[in-house]
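Below: one structure, written as structure tokens.
Residue numbers start at 1 and run along the sequence shown.
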Amino acid sequence: MTSLPQVLAALEPFDGAWRGTIPDTWLQGRTAYGGFSAALALHAAQLSDTDLPPLRSAQVSFIGPLSGPVTLRAQRLRRGRNAAFVQADVVSDAGLGLRATFVFMGPVESRVDYRAGEPPAFDKPDGSSTTFSGKAPFFTQNFEFLDRRDGATGPTEWLRWVRLTDRAGLDPMVELMAVADCLPPAAFKLLGGPAPVSSMTWIVNVLGPQPRTEDGWWLLRASTDYAVAGSSSQQMGIWNSAGEPIAEQMQSVALFA
């Protein structure tokens, strides 16, 4: 059981939490790929309460390594008339690996309806597109990337079409969480080659009630204007196949080189 849908289906209830296993096929070095761990946490948050409104925001801290057997535990922090705050932890034998706060909120009446910005000018995949996947044992083996030259316009930017190879039956928000962190850190381009990096925190603001796209394809962008003394801050975005903005993100990345 190695795909994300299979891992979620195999979770077992345990003492108010859930037990599961992170397969080696989802590792990046000694810890799990961050999007995969965050997707597990979101799934636990969704299971922890009833009739939750759509996810609007996620604040994720990558605290320690996660691999092998894990426990997922979620708890309601507050639920008001419009919004619900749920905390979810992912713990392994090494201790707490991830803590996330998810904000679920339905639409409310507002006089404001403002949307700015244009999608990146990068042709979407079609039936004739050639794709590739990462090589084992790296987590990128679970994704397809469009076999097209990187569409980035700057020296510290990634721009790529990505989709999960197995997304059958996934909740759209869980799928989005699993995909949204798939690009390498933008500052990685400044290093000129392989080097140790680590995501520290990640903020995701979802821009609509239900993310949708065609054939599972999402356009991801990551860029940075700051990488100093081993610390980088990057901005990230995700669009669907119709060019509609799906989420805005920010991430703190540590560089050990």
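- A search for side chain to side chain donor-acceptor pair (under 3.5 Å) contacts involving Asp93 returns nothing, not counting sequence neighbours.
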query = For Val179 and Leu220, what are the C-alpha separation, side-chain angles and deciding distance, and is it a side chain to side chain contact (heavy atoms under 4.5 Å, CB included)?
reply = CA-CA 9 Å; Val179 170; Leu220 274 60; 4.0 Å; yes
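- Here the CE atom belonging to Met200 is positioned 13.0 Å from the OG atom belonging to Ser233, to the nearest 0.5 angstrom.
- Taking the six-membered ring where the residue is Trp, Phe102 and Phe104 present tilted rings, their angle falling between 30° and 60°.
- Below 30°, between 30° and 60°, or above 60°: for Phe62 and Trp202 the angle between ring planes is below 30°, a parallel geometry.
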message = Walk me through whether Val206 and Met173 qualify under side chain to side chain contact (heavy atoms under 4.5 Å, CB included).
response = CA-CA 9 Å; Val206 183; Met173 290 294 186; 3.9 Å; yes
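- Arg221 places no side-chain N or O within 3.5 Å of a backbone atom of Pro119 that could act as its donor or acceptor partner.
- In this structure, the side chain of Asn240 engages the main chain of Arg212 through a donor-acceptor pair within 3.5 Å.
- Of the possible polar contacts, none joining the Ser231 side chain to the Val228 backbone as a donor-acceptor pair under 3.5 Å is found.
- Counting only heavy atoms from C-beta outward, the side chains of Leu176 and Ile246 approach each other to under 4.5 Å.
- Legend: residues meeting side chain to side chain donor-acceptor pair (under 3.5 Å) with Asp49, ordered by chain and number and at least two apart, are Arg76, Arg79.
- Listed by chain and number, the residues in a side chain to side chain donor-acceptor pair (under 3.5 Å) with Gln87 amount to none (sequence neighbours excluded).
- Considering only heavy atoms from C-beta on, Trp158 comes within 4.5 Å of Lys189 through its side chain.
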message = Before you tell me yes or no, could you show the steps for Thr224 and Glu157 under side chain to side chain contact (heavy atoms under 4.5 Å, CB included), namely the whole-Å CA-CA distance, both residues' side-chain angles and the distance that decides it to 0.1 Å?
response = CA-CA 7 Å; Thr224 184; Glu157 181 182 27; over 6 Å; no
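- Within the model, atoms CZ of Arg19 and CG of Leu72 stand 11.5 Å from one another, a figure rounded to the nearest 0.5 Å.
- Residues Gln234 and Met250 have side chains not in contact (no heavy-atom distance under 4.5 Å, counting atoms from C-beta outward).
- Contact detail for Asp181 and Gln251: the closest heavy-atom pair is OD1-NE2, 3.1 Å.
- Between Val7 and Leu40, some side-chain heavy-atom pair lies under the 4.5 Å cut-off.
- How far CG of Leu27 is from CD of Gln141: 9.5 Å, rounded to the nearest 0.5 Å.
- Between Trp26 and Phe143, the angle of the ring planes goes over 60°, which puts this pair in the perpendicular group of the 30/60° scheme.
- A heavy-atom distance below 4.5 Å is found between the side chains of Pro211 and Pro172.
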request  = Step by step, work out the side-chain hydrogen bond (donor to acceptor under 3.5 Å, both in side chains) result for Thr165 and Asn142.
outcome  = CA-CA 6 Å; Thr165 55; Asn142 298 285; 5.2 Å; no
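- Put simply, the side chain of Ser61 never gets that close to the backbone of Ile63: no donor and acceptor are under 3.5 Å apart.
- In this structure the side chain of Asp171 reaches within 4.5 angstrom of the side chain of Gln46, judged on heavy atoms.
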ask   = Under the side chain to side chain contact (heavy atoms under 4.5 Å, CB included) criterion, do Thr213 and Leu219 qualify, and how do the steps go?
value = CA-CA 10 Å; Thr213 195; Leu219 181 59; over 6 Å; no
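- Heavy-atom contacts from other residues, nucleotides or ligands closer than 6.0 Å to CG of Asp24 number 12 or fewer.
- With hydrogens and angles disregarded, no donor-acceptor distance shorter than 3.5 Å links the side chain of Thr131 to the backbone of Glu144.
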